[in-house]
Chemist: 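Handing you a structure now.
Atoms considered below: every heavy atom in the structure, side chains included; atoms not considered: hydrogens, waters and symmetry mates.
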Amino acid sequence: LYRSISIAFTFTGLLPYSEHLRVLTSFFRSMFILPIPFVLSWSMLEALSTGCLVVASNTPPVKEVIKDGVNGLLVDFFSPQRIADRILEVLKYSDRMVDLRTNARQTIVEHYNLNTLLPQQISWINSILPQSC
């Protein structure tokens, strides 16, 4: 038996931020983000914040946010077979991925919320600026 899987890629071009969020929340249940040079991208954080299930590179910057099997799935970037296996896992067991999606959003709300972090960053910047500024 052969199974075929169809994966669609959407290239939207430039979008206003509100449209970008609408696309994420309306059309995507899962995102596969395999960046080089292994960076933690804002698009990954945005996807997590909308409750998308993210499959991402198993690299130190990404592992700062995604815990494999808890709030997303990690995969070895250099293993095409493992990437394919993870994609099949997401598609085959989508009902088991609900908790990961919920945990993904909760991770962002608890640890990367702009309303919490921005005042902390401003305070930090003010603490290192000379008092005469």
Side-chain angles (χ1 to χ4, degrees):
L1 285 177
Y2 290 96
R3 289 189 164 175
S4 79
I5 297 172
S6 186
I7 298 175
F9 294 95
T10 304
F11 297 99
T12 62
L14 295 176
L15 292 175
Y17 182 70
S18 60
E19 284 291 309
H20 166 72
L21 287 180
R22 191 178 68 74
V23 168
L24 280 178
T25 58
S26 299
F27 300 108
F28 297 111
R29 292 187 54 169
S30 303
M31 291 191 79
F32 304 94
I33 302 173
L34 303 167
I36 281 194
F38 311 114
V39 296
L40 177 61
S41 68
W42 70 266
S43 57
M44 185 183 84
L45 296 175
E46 288 288 345
L48 292 166
S49 77
T50 63
C52 281
L53 174 63
V54 173
V55 178
S57 300
N58 188 11
T59 58
V62 174
K63 291 191 307 186
E64 288 181 25
V65 178
I66 295 181
K67 306 301 179 227
D68 189 42
V70 175
N71 61 353
L73 298 172
L74 298 175
V75 66
D76 180 358
F77 179 86
F78 296 105
S79 175
Q81 183 59 55
R82 190 64 185 128
I83 293 169
D85 291 344
R86 276 285 161 130
I87 291 170
L88 288 173
E89 178 182 352
V90 168
L91 296 172
K92 188 174 181 180
Y93 302 109
S94 62
D95 57 323
R96 296 183 193 169
M97 303 295 165
V98 173
D99 287 344
L100 274 70
R101 293 166 48 102
T102 301
N103 293 343
R105 171 138 178 83
Q106 195 60 36
T107 297
I108 299 303
V109 168
E110 288 179 6
H111 303 287
Y112 298 92
N113 186 325
L114 182 63
N115 293 328
T116 302
L117 293 180
L118 185 58
Q120 290 174 357
Q121 290 175 346
I122 290 171
S123 177
W124 178 74
I125 289 169
N126 286 335
S127 75
I128 62 172
L129 286 175
Q131 295 302 323
S132 62
C133 287

Chemist: Please step through salt bridge (Lys or Arg N to Asp or Glu O under 4.0 Å) for the pair Lys92 and Asp85, ending with a clear verdict.
Modeler: CA-CA 10 Å; Lys92 188 174 181 180; Asp85 291 344; over 6 Å; no
Chemist: Can you tell me how far OG of Ser43 sits from CG of Leu45, rounded to the nearest 0.5 angstrom?
Modeler: 8.0 Å
Chemist: What residues, two or more places apart in sequence or in another chain, satisfy side-chain hydrogen bond (donor to acceptor under 3.5 Å, both in side chains) together with Tyr17?
Modeler: Glu46
Chemist: By side-chain hydrogen bond (donor to acceptor under 3.5 Å, both in side chains), which residues pair with Gln121, not counting sequence neighbours?
Modeler: none
Chemist: Within the side chain of Arg105, is there an N or O that forms a donor-acceptor pair under 3.5 Å with the backbone of Ser49?
Modeler: yes
Chemist: Assess whether side-chain contact (heavy atoms from CB on, under 4.5 Å) is satisfied between Gln120 and Ile125, documenting all intermediate values.
Modeler: CA-CA 9 Å; Gln120 290 174 357; Ile125 289 169; over 6 Å; no
Chemist: Looking only at heavy atoms, what is the nearest atom pair of Ala104 and Cys52, with distance?
Modeler: CB-O, 4.0 Å
Chemist: Check whether any side-chain N or O of Thr102 sits under 3.5 Å from a backbone N or O of Val98 as a donor-acceptor pair, and report yes or no.
Modeler: yes
Chemist: Please check if atom CD1 in Ile128 has more than 12 non-hydrogen atoms from other residues, nucleotides or ligands closer than 6.0 Å.
Modeler: yes
Chemist: Looking at Met44 and Ala56, what are the two nearest heavy atoms and their distance?
Modeler: SD-CB, 4.1 Å
Chemist: Cut-off 3.5 Å, no hydrogens considered: what does the side-chain donor-acceptor table look like for residues 111-119, sequence neighbours left out?
Modeler:
from: Asn113; atom 1: OD1; to: Asn115; atom 2: N; distance (Å): 2.8

Chemist: When you compare the side chain of Leu48 with that of Ile66, does any pair of heavy atoms fall below 4.5 Å?
Modeler: yes
Chemist: What residues form a ring-ring contact (aromatic ring centres under 6.0 Å, His included) with Trp42, not counting sequence neighbours?
Modeler: His20
Chemist: Do Leu73 and Met97 touch side chain to side chain, with heavy atoms closer than 4.5 Å?
Modeler: yes
Chemist: Verify whether one side chain among Thr59 and Ser57 offers a donor that lies under 3.5 Å from an acceptor in the other.
Modeler: no
Chemist: What pairs with Asp76 under side-chain hydrogen bond (donor to acceptor under 3.5 Å, both in side chains), at least two apart in sequence or on another chain?
Modeler: none
Chemist: Cluster question for you: counting only ILVMFWY and a side-chain heavy-atom cut-off of under 4.5 Å, with indirect links fine, are Leu91 and Ile83 together?
Modeler: yes
Chemist: Can you tell if the side chain of Val65 reaches within under 4.5 Å of the side chain of Leu40, non-hydrogen atoms only?
Modeler: yes
Chemist: Is there a side-chain contact between Leu100 and Asn71 in this structure, where contact means two heavy atoms from C-beta onward sitting under 4.5 Å apart?
Modeler: no
Chemist: What residues, two or more places apart in sequence or in another chain, satisfy side-chain hydrogen bond (donor to acceptor under 3.5 Å, both in side chains) together with Glu110?
Modeler: Gln106
Chemist: How many angstroms lie between atom NZ of Lys63 and atom CG of Asn58, to the nearest 0.5 angstrom?
Modeler: 4.5 Å
